[in-house]
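Below is one structure, written out as structure tokens; comments come after it.
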Amino acid sequence: MIHDDFRFKGQRLQLVRSLQQKGITDKNVLEAIHAVPRHAFFDVALIDYAYVDKAYPIAAGQTISQPYTVAFQSQLLEIEKGDKVLEIGTGSGYQAAILAKMGARVYSIERQRDLFKKSERIFLQLGYNVKTFYGDGYKGKPTYGPFKKIIVTCGAPFLPDALKSQVEIGGCIVIPVDNGASQIMKRFIRLSEDEYKEEDHGAFSFVPMIDGIE
Ligand code: SAH
């Protein structure tokens, strides 16, 4: 069982207010942040920091993304109920849980076996609709595609071809692309079979997207 209480709920409300002040306006995103117990995705030792708007270490040298970053990427995806979404980089599972709470059908890939197993357990415990896969996100998930939307939560050197081909026309890919010092948050909207509109949405900092599984 995962424990939740009024203290955590109060902290989540504070977090929602601070995200609003930082420019997050999508009501569905804010509601999901209010609802999802971020502390359930934390190491017990760090649980007091679960509602601080910062990234924190999880297992395997990885991080749980900062709530602002999760909210920002979720907002760029413009999630509608029933959207089929592919996530690259399950990590703690928090981002996937937010998307599931917003009504998306989430498919999420992780290359670190321990993280894959742990997140799978948490989704089951909390009852979120997330299908998890152990594998290499550079390949996407062709057998389950195409996807309405794709989100990458690690810093990619470029937009992988497999992801380009697995997003539906009219759908989009939100991906932080490396520019040396940090990553630029990009949104690629698929306009037709071979046309994509590319947008820039500011600088962010992610752990790197790595080739192959571990
Ligand atoms: N969405 C996560 C963010 C975790 S950090 C969260 O909410 O906590 C990014 C994750 O991407 C790490 O767990 C890392 O192992 C994973 N990753 C890096 N390269 C990958 C790849 N090629 N395929 C799948 N996952 C990858």
Side-chain angles (χ1 to χ4, degrees), residues 12 15 19 24 29 32-33 35-43 46-47 49-77 79 85-102 104 106-123 126 128 130-142 144-145 147 149-164 166 173-178 182-183 185 204-214:
R12 283 205 289 282
L15 177 60
L19 295 176
I24 303 297
V29 172
I33 300 269
V36 175
R38 188 171 186 248
H39 63 275
F41 300 85
F42 262 61
D43 276 352
L46 293 174
I47 219 154
Y49 304 99
Y51 298 103
V52 179
D53 191 17
K54 281 188 183 163
Y56 280 94
I58 50 175
Q62 303 303 317
T63 54
I64 179 169
S65 298
Q66 182 182 345
Y68 175 73
T69 305
V70 171
F72 191 86
Q73 287 194 281
S74 303
Q75 181 163 282
L76 279 180
L77 285 173
I79 296 293
V85 179
L86 176 68
E87 180 192 33
I88 311 302
T90 319
S92 68
Y94 180 65
Q95 170 74 76
I98 291 288
L99 297 174
K101 190 74 201 174
M102 291 173 74
V106 186
Y107 298 73
S108 186
I109 310 177
E110 172 57 54
R111 67 178 289 283
Q112 295 266 6
R113 191 176 276 284
D114 288 352
L115 293 175
F116 156 73
K117 282 195 190 144
K118 198 169 170 201
S119 67
E120 194 176 37
R121 220 169 32 238
I122 298 175
F123 295 139
L126 293 174
Y128 291 120
V130 180
K131 282 193 174 54
T132 48
F133 302 93
Y134 172 58
D136 180 4
Y138 276 97
K139 299 189 175 72
K141 207 72 208 162
Y144 288 82
F147 300 93
K149 286 150 192 179
I150 299 179
I151 171 173
V152 179
T153 66
C154 35
F158 52 83
L159 172 62
D161 283 342
L163 302 186
K164 270 178 98 168
Q166 286 170 38
I173 306 172
V174 172
I175 177 171
V177 179
D178 220 78
S182 61
Q183 291 92 37
M185 191 64 76
F204 286 82
S205 181
F206 283 84
V207 296
M209 183 169 180
I210 299 170
D211 246 331
I213 52 173
E214 198 151 280

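Being a predicted model, the structure only gives us computed values, none of them experimental. We count ligands from 1, going down the list as the structure has it; atoms in each ligand are counted the same way.
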Verify the neighbour count for atom NZ of K141: are there more than 12 heavy atoms of other residues, nucleotides or ligands below 6.0 Å?
-> yes
Parallel, tilted or perpendicular: which describes the rings of F116 and Y134, with under 30° parallel and over 60° perpendicular?
-> tilted
Name the orientation class of the two ring planes belonging to Y94 and F41 (parallel below 30°, tilted from 30 to 60°, perpendicular beyond 60°).
-> perpendicular
OG1 of T90 to CD1 of I122: how many Å apart, nearest 0.5 Å?
-> 11.0 Å
Heavy-atom contacts under 4.0 Å to ligand 1, chain-then-number order, include exactly Q62, T63, I64, S65, E87, I88, G89, T90, G91, S92, Y94, Q95, I109, E110, R111, Q112, L115, G135, D136, G137, Y138, T153, C154, V207, P208, M209, I210
Which of these, K118, K117, Q112, R111, sits in a side chain to side chain contact (heavy atoms under 4.5 Å, CB included) with L115?
-> Q112
Would you call the rings of Y128 and F123 parallel, tilted or perpendicular, where under 30° means parallel and over 60° means perpendicular?
-> perpendicular
